[in-house]
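Chain identifiers are assigned alphabetically (A, B, ...) following the order of the sequence lines, protein sequences preceding nucleic acid strands; residue numbering begins at 1 within each chain.
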Number of protein chains: 2
Amino acid sequence: MTTSTLVPVFAALGDETRWGILVALGEGDASASALAGRLPVTRQAIAKHLAVLQEVGLVESVRVGRELRYRVLGAQLSEAARRLDRIGAEWDRRLAGIKRIAEEL
Amino acid sequence: MTTSTLVPVFAALGDETRWGILVALGEGDASASALAGRLPVTRQAIAKHLAVLQEVGLVESVRVGRELRYRVLGAQLSEAARRLDRIGAEWDRRLAGIKRIAEEL
DNA sequence: GTTTAATGCAACTATTCGGTTGCAGTAATC
DNA sequence: GATTACTGCAACCGAATAGTTGCATTAAAC
């Protein structure tokens with residue numbers, strides 16, 4: 001159960017502004033400047049958030065002329081979801097086992 | 001797509017120590033004091049983390065004599081995973097749509 | 001080539017957060 | 001009832017973080 005790379009992903013997802021960015025990017029790829037026009041924070045704040053999101057692989061960037069466009073990587077979200085679900089299921093299995101043992105006493 | 005209650009859950013999951021607590025609780029229910037014996041932080045630090053985890057519904061507590069035992073709620077993890085997966089799939093669908101439109105130009 | 005519009009970098013601030021120590025309260029146990 | 005062992009609360013500290021402003025840089029557009 002390697003949670004090594006998983007924890008930073010959740011940390012990245014644990015911020016409202018970053019979700020605002022992800023949702024905005026869901027409408028289509030956009031640059032930090034473009035996003036700044038839609039969200040109530042400065043371009044620089046958004047650039048920092050995008051760096052965090054890119055660091056954990058939730059977005060990727062592509063140069064288009066003089067702008068840097070960002071794209072959401074939905075597959076990475078699904079991957080994190082899959083791993084989380086397996087951990088949750090494992091815990092339920094163990095708890096069920098513990099409960100069964102307790103009831104047999 | 002109500003992410004309202006979801007974001008704090010991810011914030012809670014974005015900390016290594018809290019994962020340590022969750023994993024330890026996976027071995028069986030335990031009190032903050034008991035967990036302090038297994039993890040490299042003080043009982044009070046663990047108590048704070050447990051409060052965070054309980055706040056977002058990832059653990060629940062039960063009084064047993066003079067101790068407060070905590071239990072992991074794996075189903076909550078799975079629920080969060082399910083919601084995350086749906087969001088990821090939705091984004092992939094949108095991106096595929098955008099890509100298709102772009103290719104048709 | 002000058003202008004324009006984007007990104008990159010740096011410094012600074014306020015707040016949050018993870019952690020600690022210390023002590024008060026409370027409920028079993030003997 | 002005194003002791004023991006757990007929880008609860010509060011103050012404090014350092015580091016990280018979310019945000020800002022300001023300026024330098026770079027590349028397109030005219």
Side-chain angles (χ1 to χ4, degrees), chain A residues 3-25 27-72 80, chain B residues 3-25 27-72 80:
Chain A
T3 55
S4 52
T5 58
L6 203 54
V7 178
V9 173
F10 290 131
L13 292 175
D15 181 271
E16 294 282 359
T17 301
R18 279 194 285 269
W19 274 98
I21 291 172
L22 289 175
V23 168
L25 286 180
E27 306 288 323
D29 302 354
S31 66
S33 297
L35 290 169
R38 306 226 253 142
L39 297 168
V41 290
T42 61
R43 187 209 95 216
Q44 287 85 340
I46 289 175
K48 285 188 188 177
H49 284 305
L50 285 170
V52 171
L53 292 170
Q54 188 165 33
E55 183 74 20
V56 300
L58 288 174
V59 304
E60 67 179 5
S61 62
V62 184
R63 261 243 126 75
V64 177
R66 71 181 148 190
E67 68 180 348
L68 239 199
R69 290 221 186 118
Y70 287 84
R71 181 200 330 273
V72 184
Chain B
T3 56
S4 52
T5 58
L6 201 54
V7 178
V9 172
F10 290 131
L13 292 175
D15 181 88
E16 294 283 359
T17 301
R18 279 194 286 267
W19 274 97
I21 291 173
L22 289 175
V23 169
L25 286 180
E27 306 289 323
D29 302 354
S31 66
S33 298
L35 290 169
R38 308 227 253 142
L39 297 169
V41 290
T42 61
R43 188 210 93 216
Q44 287 84 342
I46 289 175
K48 284 188 189 178
H49 285 305
L50 285 170
V52 171
L53 292 170
Q54 188 166 32
E55 182 74 20
V56 300
L58 288 174
V59 303
E60 67 178 6
S61 63
V62 184
R63 261 244 125 78
V64 177
R66 70 181 149 189
E67 71 181 343
L68 239 198
R69 289 221 186 119
Y70 288 84
R71 180 202 329 274
V72 184

Could you check Val23(B), Ile21(B), Asp29(B), Leu25(B) and say which one makes a side-chain contact (heavy atoms from CB on, under 4.5 Å) with Val72(B)?
Leu25(B)
Shortest non-hydrogen contact from Thr17(A) toward Asp15(A):
N-OD1, 3.0 Å
Separation of atom CG in Leu68(B) from atom C1' in dG25(C), rounded to whole Å:
14 Å
Residues in side-chain contact (heavy atoms from CB on, under 4.5 Å) with Arg38(A), at least two apart?
Ala24(A), Glu27(A)
Please list, chain by chain and in numerical order, all residues satisfying side-chain contact (heavy atoms from CB on, under 4.5 Å) with Ala34(B), sequence neighbours excluded.
Ala30(B), Ser31(B)
Please report, rounded to the nearest Å, how far the P atom of dC17(C) is from the CD1 atom of Ile46(B).
19 Å
Find the distance Leu35(A):CG to dG19(D):P and express it as a whole number of Å.
14 Å
Which part of the nucleic acid, if any, lies within reach of Ala32(A) when heavy atoms closer than 4.0 Å are counted: base, sugar-phosphate only, or nothing?
sugar-phosphate
Can you find a heavy atom in the side chain of Leu13(A) that is under 4.5 Å from one in the side chain of Leu22(A)?
yes
With rounding to the nearest 0.5 Å, note down the distance linking CG in Leu35(A) to NE2 in His49(A).
11.5 Å
Roughly, in whole Å, what's the span from NZ in Lys48(B) to P in dA11(D)?
12 Å
Residues two or more places apart in sequence or in another chain: which of them pass side-chain contact (heavy atoms from CB on, under 4.5 Å) with Ala36(B)?
Arg43(B), Ile46(B)
What integer distance in Å separates Asp15(A):CG from dA16(D):C1'?
13 Å
Spacing of Glu67(B) atom CD relative to dT26(C) atom P, expressed in whole Å
19 Å
Hey, does Arg18(A) reach any base, or is it just sugar-phosphate, or nothing, if we go heavy atoms under 4.0 Å?
sugar-phosphate
Taking CH2 from Trp19(A) and P from dA18(D), how many angstroms apart are they, rounded to a whole number?
15 Å
From Arg69(B) atom CZ to Ser33(B) atom OG, the distance as rounded to the nearest 0.5 Å:
11.5 Å
Whether Ser31(A) contacts dA6(C) is assessed here as follows: a side-chain N or O lying under 4.0 Å from the phosphate OP1 or OP2. Is that the case?
no
CG of Leu13(A) versus P of dA18(D): gap in Å, rounded?
13 Å
Under a 4.0 Å heavy-atom cutoff, the residues of residues 49-57 of chain B touching DNA chain C are His49(B)
Among dG8(C), dT7(D), dG19(D), the one nearest any side-chain atom of Val41(A) is dG19(D)
Atom pairs under 3.5 Å: protein N/O with N/O of nucleotides 21-28 of chain D:
unit_1: dG22(D); atom_1: O6; unit_2: Gln44(A); atom_2: NE2; d: 3.1

Expected list for residues 52-65 of chain B: side-chain donor-acceptor pairs under 3.5 angstrom, two or more places apart:
unit_1: Gln54(B); atom_1: NE2; unit_2: Ser61(B); atom_2: OG; d: 3.0
unit_1: Glu60(B); atom_1: OE2; unit_2: Arg71(B); atom_2: NE; d: 3.0

